[in-house]
Peer 1: 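Let me begin by handing over the structure; questions about it come next.
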Amino acid sequence: MPLDPPGTDALTARSSRVVNARKLQRRRARDKAERFLAEGPQAVREAIGAGVVEDLFYDFDADTRHSDLIDAAVAAGAHVHACTDDGLAALAETVTPQGLVAVCRFLEQSLPEEPRLVAVLHGITDPGNAGTVLRAADAAGADCVVFATDSVDPYNGKCVRSSAGSLFHLPVVRAADTADALDLFPHAQILAAAADGDDLYALDAADELAAPTVWLFGSEAHGLDEATAALAHRKVGVPIWGKAESLNLAVAAGVCLYASAAAQRRKLEWRHVNRLSRIYPARRVRAVALVVHVFP
């Protein structure tokens, strides 16, 4: 029965279901059970939509604020359990829990046959950055994201939250070796993101970003090692025109992925892309005198 029977006591931190679900906070347990936790209304909503929720735990506040998600989980056949505050807190990994934690099955993933845009993560260990790259790839319309050599588990709780639901939108593949992962895309150009690489926008101007592309991103602290960067056809960097020392990995990845996505879309014969841009008339700007107040 999806809903616990009426009169059933709310689960506490010591309840067996909570104890077993809490084990999924560790990667070894996730891999063994092929299950992971999705926390918060956004992640739970997308997980329900993807049809992978097995159990949903909620606190009494969420029973009011997120009753629609609880009803949707029941309708989807998930087992739904009310929890005490300490029961929900035992499952949550955030400082301020949002009242919902779902146990989800691993997603069944398959690579697209002819991908045009792929992100490969090499040695990215920060789950917040990894999840944000995944979110940027999803927004840019990428076909796949590969978590390769020494990268964080995409089912890590913080990575799931940072992806803001994107984990459930596109294929996310775990690969033991980056070189093997790149071999899966023999017909794509491989571009390694690197600070000392060719100017991204120079390549765009030369129409070299429109081809099917695999972007290779390294860790924020060390970037790509020479051997891994050598697997790419060329190194490409995002120019820094201001005074910032560097760009955050996730920001740089978003810029690169969007540059490729835009270049590829310019090649498509879509009516809404090829139509002429609207020309707006110049605005009349009223001159305003600048008054400087000098205080004694």
Side-chain angles (χ1 to χ4, degrees), residues 115-152 159 162-164 166 170 172 178-179 181-182 185 187-268 270 273-274 276-280:
R116 294 196 56 83
L117 185 58
V118 175
V120 175
L121 281 56
H122 174 88
I124 296 179
T125 58
D126 184 295
N129 270 330
T132 306
V133 173
L134 174 54
R135 182 179 183 180
D138 179 25
D143 299 294
C144 178
V145 176
V146 179
F147 284 65
T149 302
D150 296 331
S151 289
V152 67
C159 187
S162 297
S163 78
S166 290
L170 76 170
V172 178
T178 296
L182 295 176
F185 310 102
H187 303 298
Q189 65 174 341
I190 301 172
L191 302 181
D196 59 346
D198 298 333
D199 188 311
L200 173 71
Y201 295 105
L203 267 63
D204 190 18
D207 202 26
E208 296 187 35
L209 295 181
T213 299
V214 174
W215 276 102
L216 180 56
F217 301 110
S219 72
E220 183 166 20
H222 308 292
L224 293 167
D225 59 90
E226 292 185 7
T228 303
L231 298 173
H233 295 107
R234 69 195 306 170
K235 294 193 292 184
V236 181
V238 178
I240 294 179
W241 297 312
K243 297 180 180 180
E245 179 185 3
S246 62
L247 282 176
N248 173 275
L249 164 67
V251 173
V255 171
C256 292
L257 290 165
Y258 260 91
S260 287
Q264 292 174 0
R265 278 159 175 70
R266 285 197 297 269
K267 287 291 186 180
L268 299 178
W270 291 354
V273 171
N274 290 338
L276 294 176
S277 299
R278 180 178 177 182
I279 306 299
Y280 292 91

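The figures that follow rest on heavy atoms only: side chains count, while hydrogens, waters and symmetry mates do not.
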Peer 1: Search all heavy atoms of K235 against all heavy atoms of A229 and return the closest pair with its distance.
Peer 2: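 Nearest pair, atom of K235 first, then A229: CD-CB, 4.1 Å.
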Peer 1: State, with a plain yes or no, whether a side-chain heavy atom of L191 is found less than 4.5 Å away from one of R234.
Peer 2: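 When only atoms from C-beta onward are counted, R234 and L191 do touch, with a gap below 4.5 Å.
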Peer 1: Just by modelled atom types, is the E208 backbone N or O under 3.5 Å from a matching donor or acceptor in the Q189 side chain?
Peer 2: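 Looks like yes, one N/O pair under 3.5 Å.
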Peer 1: Where the side chain of S166 meets the backbone of D138, is there a donor-acceptor pair that is under 3.5 Å apart?
Peer 2: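 A pair under 3.5 Å: no.
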Peer 1: Roughly how far, to the nearest 0.5 Å, is CG of L224 from CG of L216?
Peer 2: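 With rounding to 0.5 Å, CG (L216) is 4.5 Å from CG (L224).
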Peer 1: Considering all heavy atoms of both residues, which atom of A119 and which atom of L257 are nearest to each other, and what is their separation?
Peer 2: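 Minimum heavy-atom contact is CB-CD2, 4.2 Å.
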Peer 1: side-chain contact (heavy atoms from CB on, under 4.5 Å) for L134 and L170? Distances and angles first, verdict last.
Peer 2: CA-CA 9 Å; L134 174 54; L170 76 170; 3.7 Å; yes
Peer 1: Which pair of heavy atoms, one from A140 and one from A261, lies closest together, and at what distance?
Peer 2: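 It is O-CB, 3.3 Å.
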Peer 1: Could you go through the side-chain contact (heavy atoms from CB on, under 4.5 Å) check for L249 and S219 one step at a time?
Peer 2: CA-CA 8 Å; L249 164 67; S219 72; over 6 Å; no
Peer 1: Enter the distance from T213:OG1 to H233:NE2 here, rounded to the nearest 0.5 Å.
Peer 2: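 Between T213 OG1 and H233 NE2, I get 10.5 Å after rounding to 0.5 Å.
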Peer 1: Are any of the side-chain heavy atoms of Y201 and L209 separated by less than 4.5 Å?
Peer 2: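 Contact flag for Y201/L209 side chains = no.
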Peer 1: Checking D225 now: which residues fulfil side chain to side chain donor-acceptor pair (under 3.5 Å) with it, not counting sequence neighbours?
Peer 2: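 Side chain to side chain donor-acceptor pair (under 3.5 Å) list for D225, sorted by chain: H122, T228.
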Peer 1: Determine whether a donor-acceptor pair (N or O, by modelled atom type, separation under 3.5 Å) exists between the side chain of R116 and the backbone of A210.
Peer 2: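 Side chain of R116 to backbone of A210: a pair is present.
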Peer 1: Please identify each residue that fulfils side chain to side chain donor-acceptor pair (under 3.5 Å) with D207, with sequence neighbours left out.
Peer 2: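 Applying side chain to side chain donor-acceptor pair (under 3.5 Å) to D207 gives K267.
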Peer 1: Are the side chain of T125 and the backbone of V152 linked by a donor-acceptor contact shorter than 3.5 Å?
Peer 2: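 Not a single qualifying donor-acceptor pair exists.
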Peer 1: Search all heavy atoms of V133 against all heavy atoms of A250 and return the closest pair with its distance.
Peer 2: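 For V133 and A250, the tightest heavy-atom pair comes out as CG2-CA, 3.9 Å.
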Peer 1: In this structure, are over 12 heavy atoms from other groups packed under 6.0 Å from R135 atom CZ?
Peer 2: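 Incorrect, the count does not exceed 12.
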Peer 1: With side chains defined as the heavy atoms from C-beta onward, is the minimum distance between V145 and F217 less than 4.5 Å?
Peer 2: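 SC-SC contact between V145 and F217 ruled out.
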Peer 1: If you measure from CG on N129 to OG on S151, what distance do you get to the nearest 0.5 Å?
Peer 2: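 OG of S151 is found 11.5 Å from CG of N129.
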Peer 1: Mind checking what makes side chain to side chain contact (heavy atoms under 4.5 Å, CB included) contact with A179, not counting sequence neighbours?
Peer 2: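 In terms of side chain to side chain contact (heavy atoms under 4.5 Å, CB included), with neighbours along the sequence ignored, A179 is linked to D177, L231.
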Peer 1: Using every non-hydrogen atom in the two residues, find where W215 and S260 come nearest and quote the distance to one decimal.
Peer 2: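 Nearest pair, atom of W215 first, then S260: NE1-OG, 2.8 Å.
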Peer 1: Checking the side chain of D143 only, and the main-chain atoms of V118 only, is there a donor and an acceptor separated by less than 3.5 Å?
Peer 2: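 No; judged by distance alone, with no hydrogens or angles, the pair does not exist.
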Peer 1: Under 4.5 Å between any side-chain heavy atoms of I124 and F147, yes or no?
Peer 2: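 Heavy-atom side-chain distance check fails, nothing below 4.5 Å.
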Peer 1: Any donor and acceptor pair, going by atom type alone, linking the side chain of T149 with main-chain N or O of T178 inside 3.5 Å?
Peer 2: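 The answer is yes, because a donor-acceptor pair under 3.5 Å joins these two groups.
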Peer 1: Determine whether F185 and I190 make a side-chain contact, defined as any pair of heavy atoms from C-beta on separated by less than 4.5 Å.
Peer 2: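 A side-chain contact is absent here, since even the closest heavy-atom pair is not under 4.5 Å.
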Peer 1: Write down the atom of C144, the atom of V146, and the distance for their closest heavy-atom approach.
Peer 2: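 Heavy atoms of C144 and V146 come nearest at SG-CG2, 4.0 Å.
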